[in-house]
Amino acid sequence: MNPTQASTLGDVYSFGIVLLELFISKRPTDAIFNESLKIHKYISTAFPDHAMEILDPLLLLAEEEQKINQDQARRMEECLLSVLEIGLTCSASSPRDRAPIDTTLSKLQSIKESFLPMRW
């Protein structure tokens, strides 16, 4: 494939970046990002041990407001980390390292089925 040709892998990359943006509430154009620090690197550096520290605080506010138990909090963290991992995989710099969109959607569906039925 010619490197200048469009492909679905470019769409996968864009999807991954948007997913990361949603979960950290930052855009690739924010002031903290520059030539040496991109959104993908920012998150991959924090992932997984410090990922919760860079997430959008509003995502974690629900945890506090709902007064969920420790098991539910652990499951919520697993869910958030799983979604970030998908965003990182989709936004890999090399198209060969990106997951196909059907695989990505299957993983997101699995996360939804595993974690959303949580009872608050």
Side-chain angles (χ1 to χ4, degrees):
M1 172 186 277
N2 181 336
T4 59
Q5 282 182 311
S7 78
T8 56
L9 295 175
D11 294 338
V12 170
Y13 176 83
S14 298
F15 176 77
I17 293 297
V18 169
L19 197 59
L20 297 176
E21 285 181 63
L22 288 170
F23 279 78
I24 67 166
S25 192
K26 291 187 183 343
R27 295 179 175 198
T29 55
D30 283 357
I32 68 165
F33 303 118
N34 54 45
E35 286 300 315
S36 62
L37 182 63
K38 305 285 186 199
I39 193 168
H40 180 92
K41 184 176 181 181
Y42 175 73
I43 295 170
S44 65
T45 301
F47 190 83
D49 297 331
H50 300 284
M52 300 305 281
E53 297 166 19
I54 63 168
L55 284 174
D56 181 353
L58 292 177
L59 292 173
L60 303 175
L61 187 60
E63 182 179 320
E64 293 172 13
E65 288 180 352
Q66 297 293 328
K67 296 182 178 30
I68 62 177
N69 66 40
Q70 193 171 20
D71 183 55
Q72 291 168 321
R74 181 190 51 77
R75 289 181 63 212
M76 180 182 216
E77 184 174 331
E78 288 174 9
C79 176
L80 293 169
L81 289 174
S82 295
V83 173
L84 281 180
E85 184 173 29
I86 289 170
L88 288 171
T89 301
C90 289
S91 64
S93 57
S94 172
R96 292 181 198 152
D97 294 335
R98 297 177 197 152
I101 196 65
D102 57 337
T103 302
T104 299
L105 295 177
S106 293
K107 287 181 180 180
L108 286 171
Q109 185 67 32
S110 293
I111 292 168
K112 176 185 171 189
E113 291 169 2
S114 296
F115 296 104
L116 284 185
M118 290 193 291
R119 301 283 185 235
W120 303 107

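For clarity, every value in this text was computed on a predicted model and none was experimentally measured. Each residue takes its place number in the sequence, starting with 1.
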Indicate yes or no: does D30 engage R27 in a salt bridge with an N to O separation below 4.0 Å.
no
For S94, check side chain to side chain donor-acceptor pair (under 3.5 Å) against everything at least two apart and list the hits.
none
With side chain to side chain contact (heavy atoms under 4.5 Å, CB included) as the test, would you mind laying out the steps for I111 and I86 before giving the verdict?
CA-CA 10 Å; I111 292 168; I86 289 170; 3.5 Å; yes
Could you state the interatomic distance from [atom1] ([X]) to [atom2] ([Y]), rounded to the nearest 0.5 Å?
X	Y	atom1	atom2	value
F47	L81	CZ	CG	5.0 Å
L88	I17	CG	CD1	8.5 Å
M52	L80	CE	CG	5.0 Å
L20	I39	CG	CD1	5.5 Å
K41	S44	NZ	OG	8.0 Å
E78	S114	CD	OG	9.5 Å

Which atom pair, heavy atoms only, marks the closest approach of C90 to G16?
CB-CA, 3.5 Å
Check the pair L55, L84 against side chain to side chain contact (heavy atoms under 4.5 Å, CB included), reporting the backbone distance first and the verdict last.
CA-CA 9 Å; L55 284 174; L84 281 180; 3.7 Å; yes
Could you check T103 against K107 for side chain to side chain contact (heavy atoms under 4.5 Å, CB included), going step by step and ending with a plain yes or no?
CA-CA 6 Å; T103 302; K107 287 181 180 180; 3.9 Å; yes
Is there side-chain contact between P28 and K38, with at least one heavy-atom pair below 4.5 Å?
no
Pairs touching residues 10-40 that satisfy ring pair (Phe, Tyr, Trp, His ring centres under 6.0 Å), sequence neighbours left out
F33-Y42
What pairs of donor and acceptor atoms, side-chain ones from residues 95-102 against any protein atom, are under 3.5 angstrom apart with sequence neighbours left out?
unit_1 : atom_1 : unit_2 : atom_2 : d
R98    : NE     : A92    : O      : 2.8
R98    : NH1    : L9     : O      : 3.0
R98    : NH2    : A92    : O      : 3.1
R98    : NH2    : S93    : O      : 3.2

